Amino acid sequence: MPTKFHWTDAQDTQIRRLRAEGASWDSIAVLLVLSRWSVIERGRRIGARAPVRELVTPPEDPARDPLPAGHPRSWEVLTAGTVLEGSSYPLPVFPH
């Protein structure tokens, strides 16, 4: 049966720091000369999480169909900076 590995505070600190910098589990395991799964499990136990990535929306497909009249995205672009900004589509009908 394998012997129990005793983690040091220095190793825990290194795992936390490297994960905060965005290092992969593979690269951390190589630096510590340990198995990937050992490092992953230790990281989970000490709360070493990767930094939250910014949401990057993919660019729109230029070949997509046009938006229908009054679509919220196109209506916001059309009314931005005008007195109609923030109003919903369709506009109220005024009596003649």
Side-chain angles (χ1 to χ4, degrees):
M1 190 160 151
T3 60
K4 182 176 179 176
F5 183 79
H6 295 284
W7 291 92
T8 64
D9 290 336
Q11 289 171 322
D12 289 348
T13 303
Q14 189 174 20
I15 291 171
R16 282 190 196 99
R17 180 181 54 81
L18 291 170
R19 282 305 281 175
E21 292 172 357
S24 69
W25 291 120
D26 292 329
S27 61
I28 297 171
V30 168
L31 287 172
L32 295 175
V33 191
L34 294 168
S35 73
R36 178 178 181 266
W37 287 110
S38 296
V39 175
I40 290 172
E41 181 59 25
R42 184 61 181 180
R44 187 187 66 78
R45 288 177 186 248
I46 63 174
R49 306 258 188 270
V52 178
R53 295 181 182 169
E54 291 184 30
L55 177 64
V56 178
T57 56
E60 285 192 30
D61 178 18
R64 70 162 172 76
D65 291 334
L67 297 173
H71 188 278
R73 286 176 42 206
S74 60
W75 185 248
E76 287 176 11
V77 171
L78 291 171
T79 61
T82 68
V83 296
L84 298 176
E85 186 172 17
S87 65
S88 60
Y89 185 89
L91 296 175
V93 179
F94 298 102
H96 295 292

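Basis for what follows: all heavy atoms, side chains included, without hydrogens, waters or symmetry-related copies. What you see is a predicted model; the values in this text were computed from it and never measured. Quick note: residue numbers are just sequence positions, from 1.
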Inset, instruction - Check whether any side-chain heavy atom of Trp25 sits under 4.5 Å from a side-chain heavy atom of Ile15, and report yes or no. - result: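 A side-chain contact under 4.5 Å exists here.
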Legend entry - Heavy-atom side-chain contact between Ser88 and Trp75 under 4.5 Å: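 No; the side chains remain at least 4.5 Å from each other.
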Legend entry - same_hphob_cluster(Val77, Leu84) at 4.5 Å side-chain heavy-atom cutoff: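 Different clusters.
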Legend entry - For Pro51 against Ala20, the heavy-atom pair lying closest together: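 Scanning both residues, the minimum pair turns out to be CG-O, 3.4 Å.
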Inset, instruction - Might you point out which heavy atoms bring Ser24 and Ser27 nearest each other, and give the distance in Å? - result: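 Distance-wise, the nearest heavy atoms are O-OG, 2.9 Å.
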Inset, instruction - State which residues pass salt bridge (charged side-chain N to carboxylate O under 4.0 Å, His left out) with Arg16; sequence neighbours excluded, sorted by chain then number. - result: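 Here no residue qualifies.
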Legend entry - Gap between atom CG of Leu18 and atom OG1 of Thr13 - 0.5 Å precision: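 Going from OG1 on Thr13 over to CG on Leu18, the span is 10.5 Å.
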Inset, instruction - Supply the atom-to-atom distance Ile46 CD1 to Trp7 CH2, rounded to the nearest 0.5 angstrom. - result: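 Going from CD1 on Ile46 over to CH2 on Trp7, the span is 8.0 Å.
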Inset, instruction - Determine yes or no for a side-chain-to-main-chain donor-acceptor pair under 3.5 angstrom, with Gln14 supplying the side chain and Ala10 the backbone. - result: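 No; judged by distance alone, with no hydrogens or angles, the pair does not exist.
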Inset, instruction - Mark yes when over 12 heavy atoms from residues, nucleotides or ligands other than Asp9 sit less than 6.0 Å from its CG; otherwise mark no. - result: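 No, not enclosed.
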Legend entry - CZ (Arg53) with more than 12 external heavy atoms under 6.0 Å: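 No, CZ of Arg53 has 12 or fewer neighbouring heavy atoms, counting only those of other groups under 6.0 Å.
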Legend entry - Option among Asp26, Leu31, Leu34 that satisfies the side chain to side chain contact (heavy atoms under 4.5 Å, CB included) test with Val39: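 Answer after filtering Asp26, Leu31, Leu34: Leu34.
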Inset, instruction - Can you spot which of Arg19, Gln11, Arg36 makes a side chain to side chain contact (heavy atoms under 4.5 Å, CB included) with Ile28? - result: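 So, applying the side chain to side chain contact (heavy atoms under 4.5 Å, CB included) to Ile28 and each of Arg19, Gln11, Arg36, only Arg19 qualifies.
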